[in-house]
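Here the structure is laid out as structure tokens; the discussion comes afterwards.
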Amino acid sequence: MGNKQTIFTDEQLDAYQDCTFFTRKEILRLHGRYHELAPHLVPMDYTNDPDVKVPLALIVNMPELKENPFRNRIVESFSEDGEGNLSFNEFVDMFSVLSETAPRELKAIYAFKIYDFNTDNFICMEDLEKTLNRLTKEELTPEEVKLVCEKSIEEADLDGDSKLSFADFENMISRAPDFLRYLLLTLPSANDYNVVFSFGVFRNHNFILHSFLLEKQKKISHEIASDSAL
Amino acid sequence: MSEGEMARLMEEVEEKKKLIANIRNKPWRMKRRLEHLKDAQQFVDKFEGALGKGKGRKLYAYKVMMTKKWIKFQRDFENFKTACIPWERKIKEVESHFGSSVASYFIFLRWMYGMNLVLFGLTFGLVVIPELLMGLPYGTIPRKTVPRAEQDTAMDYSVLMDFNGYCKYSVLFYGYYNSQRTIGFLKFRLPLSYLMVGLGTFGYSLMVVIRTMARNADVGGGDGEDGEFTFAWKMFTSWDYLIGNSETADNKYASITTSFKESIVDEQENQKDENIHLRRFLRVLANVMIICSLGGSGYLIYFVVKRSQDFATRDDLSWYEKNEVEIVMSLLGLVCPPLFETIAELEDYHPRIALKWQLGRIFALFLGNLYTFLFALFDEVNAKLEEEDSIKNATIWAMKEYYANFTAYNNDSSATAPPINPADIIRGPCWETTVGIEFVKLTVSDIQVTYLTILIGDFLRAVIVRFLNYCWCWDLEAGFPSYAEFDISGNVLGLVFNQGMIWMGAFYAPGLVGINVLRLLTSMYYQCWAVMSCNVPHERVFKASKSNNFYMGLLLLILFLSLLPVVYTIMSLPPSFDCGPFSGKGKMFDVISETIDLDLPAFMGTLFSYAANPGLIIPAVLLMVLAIYYLNSVSEAYINSNNELKKKMQMQRDEEKNRRNNTNSTNQVMKDLEDLLPNRSLAPKAPAESSADNDQGGKPAKVTGKPGTAATGVNLQKDVSLASPNPRIAVTHPPGPRGPGPLPGAETSRSRGRAQPSRN
């Protein structure tokens with residue numbers, strides 16, 4: 001992109017750099033991805049901070065999110081209106097939290113929001129049942145679903161109200177051994193779409209290459225920089 | 001500005017700077033962050049000036065870039081390492097559909113392949129290749145040539161399939177190797193290398209098996225098995241957010257479902273109610289029945305082998321009598337395992353434990369197989385040894401005859417006799433090659449039987465069930481034949497016994513290891529395909545035990561059992577006089593003493609002779625025994641202290657949980673003490689809840705409802721206002737036990753909280 005970009009002012013880029021875990025290049029690439037989602041809606045010039053929101057339906061079709069059973073909840077958690085329409089600020093925020101340099105505590109907060117389907121700040125039985133059904137594509141019988149949800153609450157609930165508050169959730173998730181591997185939320189940073197971008201337009205025929213990249217990253221075991229507060 | 005004000009200002013500036021550094025970690029909306037950032041930056045700018053600001057940022061950006069590059073490098077390296085592991089994706093696919101127990105078989109198979117590959121490298125690199133490259137070529141000496149009598153049929157397919165003919169006189173077998181002390185310009189000592197590789201095979205295998213067992217024992221510890229949060233973790237951390245490929249996603253869904261089902265099975269086992277006496281009686285009965293059948297089969301084998309020895313003396317044998325031993329063995333192998341499985345239904349174990357029992361029993365059955373085979377082989381070897389004695393004299397006599405005749409015909413004494421064509425020289429029976437051939441034949445027939453069984457038993461059955469179902473009276477898929485399940489125990493034992501054969505035979509047939517490597521390689525692909533296309537998952541999918549130690553234990557046992565015959569023959573039987581690398585020596589291990597005498601400097605010889613002194617060896621053995629005893633007791637002490645610590649941690653967790661619940665502690669004594677007290681003011685204060693809850697937005701019910709409850713006489717005002725609503729806070733009667741069903745939700749507790757004041 002070079003130094004002569006006209007999408008953002010320098011102050012804007014610096015501010016984004018301070019507020020997220022991304023570098024200048026990555027932020028510009030993210031803007032490119034955001035623009036591609038709705039080229040007629042998203043302006044190329046963000047210097048005067050336009051108020052544009054991309055609707056939920058377009059965002060959940062991104063290849064990173066397409067196969068995720070929780071894609072709707074993820075996008076909704078980051079949107080201000082709760083409906084899943086993201087402005088560029090929120091879009092960047094989402095990817096920043098999901099990137100691998102984000103600390104575990106931050107991810108835990110957003111994970112709690114994602115799994116809280118009825119947004120009452122508790123993960124109750126219904127939320128758990130919904131989560132489980134999405135995870136198993138409803139392959140389990142209702143008795144099995146009930147058993148699993150009850151066991152989960154029994155294991156993690158510390159204050160005895162038969163639903164999980166954030167404290168319960170955090171306590172449970174901080175001890176998870178697989179936390180680092182299947183990490184709650186990690187998406188490759190915009191950097192890794194280098195190869196795809198060089199093909200010009202990111203469309204279906206590049207999906208094979210793209211999914212190959214994602215496949216490789218699937219086998220990653222990340223070390224989350226828990227002290228990323230530099 | 002005064003000093004105090006300066007200091008305060010500096011502090012504020014520092015705070016703002018810290019905020020700027022950490023602002024990306026805060027769970028705020030982006031807009032809010034941007035605003036705060038702007039404010040903080042303006043503040044810092046105003047009071048700090050331009051000192052260090054620009055530099056700090058550049059340095060920070062550089063640090064960030066380096067960190068990212070480092071993370072990327074680590075990631076790529078991990079990817080590379082994972083990509084190097086063969087068949088990982090295949091095994092993951094099997095695991096996602098069939099569960100971890102079936103996958104554990106394939107992981108075991110892969111491990112065996114790795115071990116055999118190393119053995120193959122050793123054998124071929126140090127024994128076969130030198131003989132091929134630097135030794136004498138085919139046809140130059142008697143042992144390397146097909147005898148005249150057999151030359152007509154040497155290329156026949158049936159002869160080759162029996163590993164006679166050209167196969168017998170090739171690098172595959174012991175008899176081909178020359179006993180020359182050094183070969184080639186490199187002075188490679190082949191006989192020594194042959195012996196060392198033979199013993200080294202066992203040494204390496206032993207080392208690898210024990211190392212794997214030790215490593216698995218490590219993994220098994222920790223709170224992996226009875227984890228605190230099994231279901232919760234499965235729920236929240238099993239989805240891999242990096243998946244973007246729909247096929248991978250499907251696999252992931254399948255594996256998550258299977259994993260949940262496994263945990264459910266475990267949980268149901270824990271919750272079962274049992275009549276312990278009936279269960280014990282049934283188990284004892286089942287074991288008695290199985291011991292009877294094992295004893296019966298053992299006796300049957302003994303009887304049949306004895307009969308075959310009698311048959312060997314006769315000549316007029318029917319087909320049945322000739323093959324009686326093999327037929328009886330195969331029948332036992334086919335009938336007994338299902339019989340054991342049916343009897344095992346009486347025992348009603350957890351599937352994982354039932355599998356172990358089944359493995360152990362079939363293992364005992366197959367030991368009988370092994371016993372007959374070795375018995376028969378040993379008879380053959382003895383016969384060959386006797387034959388050899390007579391032929392040895394005959395060969396020497398024939399040579400003398402030949403030369404005498406030659407000089408008799410040509411009175412010219414200066415002419416030397418042309419050497420006899422190697423094909424014509426009388427050959428000894430070479431028992432080692434015969435033994436090698438037996439092992440190779442056994443391995444090959446084992447391979448054929450396994451592959452055919454899979455083809456017919458699984459594939460053909462699946463095809464029939466699938467296509468005949470359209471025109472059959474009852475539902476073939478759900479009813480009688482249906483699809484086969486993957487037989488874990490049979491396959492594992494097959495693998496283990498096959499490896500035992502390889503270990504026994506590798507000394508006499510160096511090519512056997514190569515055959516085995518090929519077999520394992522094709523087996524992996526073939527069985528993976530068969531399992532995915534013809535088998536269905538077990539009805540009760542169960543989790544494999546965390547460590548593969550049970551399989552390793554079986555393997556270790558077989559390793560020792562196969563070590564014994566080989567070491568015995570090396571130590572006590574004399575090698576053949578005209579074939580193999582040890583021909584001409586009294587015992588095979590004479591090579592070592594020869595090497596020590598001729599190749600090593602003199603003092604090494606004396607050193608070894610001192611070391612071999614019994615007076616030195618016996619104390620060394622005693623010392624090792626004492627060391628084993630000491631290490632054993634130390635490890636027992638560690639295990640004990642580990643268990644104590646675990647118990648302590650568990651107790652602490654329970655206490656903490658109960659304290660937060662505001663119920664009685666689980667400790668009975670404390671309960672009694674509390675009951676003795678006049679009022680309940682001794683209930684422990686709950687610690688202050690985390691403020692993160694308050695950040696997430698208002699929870700009006702928590703704060704407003706509480707003072708009412710507190711006013712009803714319990715001195716818990718401060719604590720209760722911070723703890724989450726607990727509708728069961730006991731006031732005038734002791735709290736009841738915690739109910740199994742979901743407790744009333746937030747609304748009810750809120751309304752109860754609000755209703756409390758009105759009660760007063």
Side-chain angles (χ1 to χ4, degrees), chain A residues 15 18-21 23 63-64 66-69 80 89-90 92-93 100 103 106 109 115 121 125 128 131-132 135-137 139-140 144 147-148 151-152 155-156 158-162 165-167 172-173 175-176 178-179 182 184-187 211 214-221 223 229-230, chain B residues 20-25 27 29-31 33-34 37 60-61 63-65 67 71 74-75 78-79 82 228-233 235-246 248-249 253 256-257 260 264 267 657 660-661 689-690 692-693 696-697 699 723-726 738 742-743 745-746:
Chain A
D18 279 332
C19 289
T20 67
F21 296 96
T23 61
E64 295 88 335
K66 218 158 72 97
E67 298 297 333
N68 197 319
E80 229 174 299
N89 277 344
E90 290 152 0
V92 168
D93 197 16
E100 56 203 352
L106 188 60
I109 294 176
Y115 292 121
N121 278 328
M125 271 296 267
L128 283 176
T131 310
L132 188 59
L135 274 178
T136 58
K137 277 201 174 167
E139 288 268 333
L140 298 179
E144 290 173 337
L147 175 69
V148 171
K151 282 296 292 183
S152 304
E155 285 168 354
L158 290 175
D159 43 23
D161 54 1
S162 74
S165 65
F166 178 68
M172 178 265 294
I173 214 81
R175 295 174 205 240
D178 275 353
F179 192 84
Y182 284 105
L184 293 186
L185 312 157
T186 24
L187 286 187
S211 66
L214 283 176
E215 274 290 304
K216 277 183 32 164
Q217 281 145 8
K218 175 179 82 105
K219 297 180 196 159
I220 298 165
S221 62
E223 301 301 336
L230 293 164
Chain B
I20 294 177
N22 284 344
I23 202 163
R24 54 174 69 83
N25 291 352
R29 295 267 175 236
M30 196 57 144
K31 241 186 225 171
R33 258 189 239 158
L34 288 170
L37 179 71
Y60 169 73
K63 268 204 279 186
V64 160
M65 196 189 64
T67 321
I71 291 180
Q74 276 184 327
R75 202 198 323 152
E78 284 296 328
N79 270 354
T82 330
E228 269 178 277
F229 297 114
T230 326
F231 283 97
W233 285 340
M235 185 89 81
F236 295 116
T237 61
S238 52
W239 181 260
D240 186 352
Y241 279 61
L242 281 176
I243 293 179
N245 181 356
S246 55
T248 321
Y253 283 122
I256 290 179
T257 312
F260 269 113
I264 291 174
E267 185 62 30
K657 218 174 184 176
R660 284 175 170 214
N661 273 348
E689 271 297 341
S690 64
D693 282 343
Q696 299 285 349
K699 290 195 180 81
S724 333
N726 190 344
R738 200 174 142 151
L743 296 165

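Side-chain atoms are counted along with the backbone in the values below, which use heavy atoms only and exclude waters and symmetry mates. Throughout, a chain's letter reflects where its sequence line sits, starting with A, and its residues are numbered from 1.
Between A:Cys19 atom SG and B:Ile20 atom CD1 the span is 9.5 Å, to the nearest 0.5 Å. With rounding to the nearest 0.5 Å, the separation of CG in B:Asn25 from CZ in A:Phe21 is 4.5 Å.
Among all heavy-atom pairs drawn from B:Phe236 and A:Met172, the shortest one is CD1-CE, 3.3 Å. Closest non-hydrogen pair, B:Phe231 versus A:Ser152, comes out as CB-OG, 3.5 Å. Between A:Ile109 and B:Pro27 the shortest heavy-atom distance is CD1-CG, 3.7 Å. Contact record, A:Glu155 with B:Ala232: OE1-N, 3.0 Å, taken as the closest heavy-atom pair.
Between chain B and the residues A:Leu135, A:Leu132, A:Asp93, the largest count of heavy-atom pairs under 4.5 Å involves A:Leu135. When each of A:Thr131, A:Leu140, A:Leu128 is checked for heavy-atom pairs under 4.5 Å with chain B, A:Leu128 comes out on top.
Partners of B:Ala249 according to the side-chain contact (heavy atoms from CB on, under 4.5 Å) rule, which considers only residues two or more places apart in sequence or in another chain, are A:Glu67, B:Trp239, B:Ile243, B:Tyr253. The salt bridge (Lys or Arg N to Asp or Glu O under 4.0 Å) test applied to B:Lys31 returns no partner, not counting sequence neighbours.
Within the 4.5 Å cutoff, the side chain of A:Lys137 has no heavy atoms near those of the B:Thr257 side chain. You'll find the side chain of A:Glu90 stays beyond 4.5 Å of the side chain of B:Met30, heavy atoms only.
Heavy atoms of B:Leu37 lying under 4.5 Å from chain A belong exclusively to its side chain.
Between the B:Arg24 side chain and the A:Thr20 main chain, a donor and an acceptor come within less than 3.5 Å of each other.
Ion pairing of A:Asp18 with B:Arg33 is absent here, as no side-chain N (NZ or NE/NH1/NH2) approaches a carboxylate O to less than 4.0 Å. Between B:Glu267 and A:Lys151 there is a salt bridge, since at least one side-chain N of the basic residue sits less than 4.0 Å from a carboxylate O of the acidic one.
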